[in-house]
Amino acid sequence: MVKVAVVRSWYLPLSETFIYSELVNLRVVSPVVCTKRILNLKHFPFHPIFQFKRLPDLERILREQNIDLIHARFGTTGAEILNVKKKLGLPMLTSFHGFDLPSNRVSLAKYKGNLQRLFAEGEAFTVTSENMREVLLRFGCPSEKIRVHHSGIDVDRFAFKQRTFPADGKIILLSVGRLVEKKGMNYLLDAFHKVQQEYPNICLRIAGDGPYRERLRQQARSLRIQHKVEFLGEIPHQKVAEAMQQAHLFALASVTTRNGNQEGIPNVLKEAMATGLPVVATSHAGIPELVKHKKSGYLVRERDSAELAKRLLDLIRNPHKWGKMGEKGRKTVIKSFRLQTQVLELEKMYADILTNR
């Protein structure tokens, strides 16, 4: 059986369930994980995992394990291990996921001038959206080497629930994401402030943690909505699924940061839509490839809190829209973002790379 080394600097942040889901569902290849640091192993149990500190350590592991192909998760990892790939003569697939795009000035610096070498020597590259494909093309990646490969979700773990207006009138608005600039949570808080002024019987639940936590808590206090906003912190994937079942509406206010950092297509949006939640999101990066405006949800401009509030209020005033949006959203996810389908595509890519190397 073909042996694939999945190389990721950290195994594995809680936000990267999509990597774990692909890893444990591979069937026609034998994967091993190579990483510098192991974390969250109880949430992401896997064997075998090999740790390395330096590139010669990684080279030794790949040689001893008789690896046939390297799968570098994130472009920065692919660039870092180019010399190992070259020395061992192994083909490599590199997956870009968002923050590692060269349009992000912080990430571009991390490539240390090796981006063009990565594009030249790497056999293939995946991106999670057409928008990301355009970015790589703009920076010189050959078009024939790029494949759009969506991160899939296990639809069966996110049961569909027909959303109706709650009998007690208490609406739960949910958002999930790391508390960082890219997630635009500050704009969501501003929008929620406007919404609850008109409809006070609503609460906002935010699942996630990060460096903006205290800043966002202070913003909620300044807006005097702290009693209406619940910060859940970083919670396991199963708890996210449970929070989605309890919610009535979902919002994600992603933005392109000042450094150029942006999303691919956020998995939390796919998960929310799979459960039947009506969603309001920004027209950001690859999100319009998932959310069809006025059909499976609403799209608003980045950083436009007023428009975000307007669309949320429209849903509150028109709960008859919830069911149709939810059904359309789930159908979209099943058709284009189902985990099992995406894993089969990934395995086919592995086979193609090994055949055409």
Side-chain angles (χ1 to χ4, degrees), residues 4 6 8 10-33 39-47 49 71 73-74 93 95 97-98 126-129 147-163 174-178 207-208 232 234-247 250 252 263-279 281 286-287 289-291 296-297 325-350:
V4 176
V6 178
R8 169 74 175 97
W10 291 8
Y11 180 92
L12 198 59
L14 285 178
S15 60
E16 294 179 14
T17 303
F18 60 95
I19 290 180
Y20 182 70
S21 295
E22 287 186 350
L23 185 65
V24 298
N25 281 281
L26 292 169
R27 293 292 177 265
V28 301
V29 302
S30 177
V32 303
V33 169
L39 62 161
N40 298 315
L41 196 56
K42 68 178 181 179
H43 294 296
F44 303 123
F46 185 79
H47 179 81
I49 299 177
H71 186 174
R73 303 304 304 230
F74 295 94
L93 169 66
S95 291
H97 294 289
T126 67
V127 291
T128 62
S129 68
R147 283 282 300 273
V148 175
H149 178 248
H150 298 306
S151 296
I153 68 163
D154 187 348
V155 178
D156 296 334
R157 293 188 62 184
F158 294 87
F160 180 79
K161 178 182 176 181
Q162 189 80 26
R163 290 325 197 277
L174 177 66
S175 189
V176 179
R178 293 187 63 231
L232 303 178
E234 189 173 42
I235 58 177
H237 204 219
Q238 182 55 42
K239 294 292 184 182
V240 171
E242 292 171 9
M244 288 181 176
Q245 288 297 320
Q246 296 163 5
F250 188 89
L252 195 66
E263 307 266 25
I265 302 178
N267 275 3
V268 292
L269 266 179
K270 302 169 193 172
E271 293 163 355
M273 291 167 66
T275 69
L277 277 167
V279 302
I287 290 177
E289 297 171 38
L290 170 67
V291 180
S296 56
M325 279 187 172
E327 289 172 3
K328 179 67 174 176
R330 185 170 176 86
K331 286 179 182 177
T332 298
V333 173
I334 290 173
K335 179 181 178 182
S336 302
F337 301 94
R338 196 181 190 108
L339 173 64
Q340 291 78 2
T341 303
Q342 300 309 312
V343 169
L344 288 174
E345 287 191 6
L346 179 59
E347 290 176 331
K348 185 177 185 302
M349 272 189 276
Y350 289 158

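For the single chain, residues carry numbers from 1 onward in sequence order.
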Under 6.0 Å between ring centres: does that hold for Phe18 and His97?
yes
Could you walk me through whether Arg73 and Glu16 pass salt bridge (Lys or Arg N to Asp or Glu O under 4.0 Å), step by step?
CA-CA 11 Å; Arg73 303 304 304 230; Glu16 294 179 14; over 6 Å; no
Spatial distance of atom [atom1] ([X]) from atom [atom2] ([Y]) [nearest 0.5 Å]:
X	Y	atom1	atom2	result
Phe158	Ile153	CZ	CD1	6.0 Å
His149	Ser129	NE2	OG	13.0 Å
Asp156	Leu339	CG	CG	9.5 Å
Glu22	Thr17	CD	OG1	12.0 Å
Phe44	Leu14	CZ	CG	5.5 Å
Leu290	Ser296	CG	OG	6.5 Å

Please find the pair of heavy atoms, one from [X] and one from [Y], that lie closest to each other, and give the distance.
X	Y	value
Arg330	Ala159	NH1-C, 4.3 Å
Phe250	Leu252	CE2-CB, 4.2 Å
Arg8	Trp10	CG-O, 2.7 Å
Ile265	Gly286	CG1-O, 3.4 Å

For Ser151, is there any backbone N or O sitting under 3.5 Å from a side-chain donor or acceptor partner on Lys270?
yes
Please check if the side chain of Arg163 supplies one atom and the backbone of Thr275 the other of a donor-acceptor pair under 3.5 Å.
yes
Side chains of [X] and [Y]: closer than 4.5 Å at any heavy-atom pair?
X	Y	value
Glu263	Thr128	no
Gln342	Ser21	no
Ile19	Tyr11	no
Val148	Val127	yes
Pro236	Lys42	no
Val176	Ile235	no
Val291	Val279	yes
His71	Tyr350	yes

Apply side-chain contact (heavy atoms from CB on, under 4.5 Å) to the pair Gln238 and Arg157, showing each step before the final yes or no.
CA-CA 8 Å; Gln238 182 55 42; Arg157 293 188 62 184; 3.6 Å; yes
Is atom NZ of Lys161 surrounded by more than 12 heavy atoms (other residues, nucleotides or ligands) closer than 6.0 Å?
yes
Has Arg178 got more than 12 heavy atoms of other residues, nucleotides or ligands less than 6.0 Å from its CZ?
no
Start with the C-alpha gap between Met325 and Leu277, add the side-chain angles, then the distance that decides, and say whether side-chain contact (heavy atoms from CB on, under 4.5 Å) holds.
CA-CA 8 Å; Met325 279 187 172; Leu277 277 167; over 6 Å; no
Carboxylate-amine/guanidinium proximity below 4.0 Å for Lys348 and Glu345
no
Pair Asn25, Asp154 - check side-chain contact (heavy atoms from CB on, under 4.5 Å), show working.
CA-CA 10 Å; Asn25 281 281; Asp154 187 348; over 6 Å; no
For the residue pair His150 and Phe337, does the interplanar ring angle fall in the parallel (under 30°), tilted (30 to 60°) or perpendicular (over 60°) class?
tilted
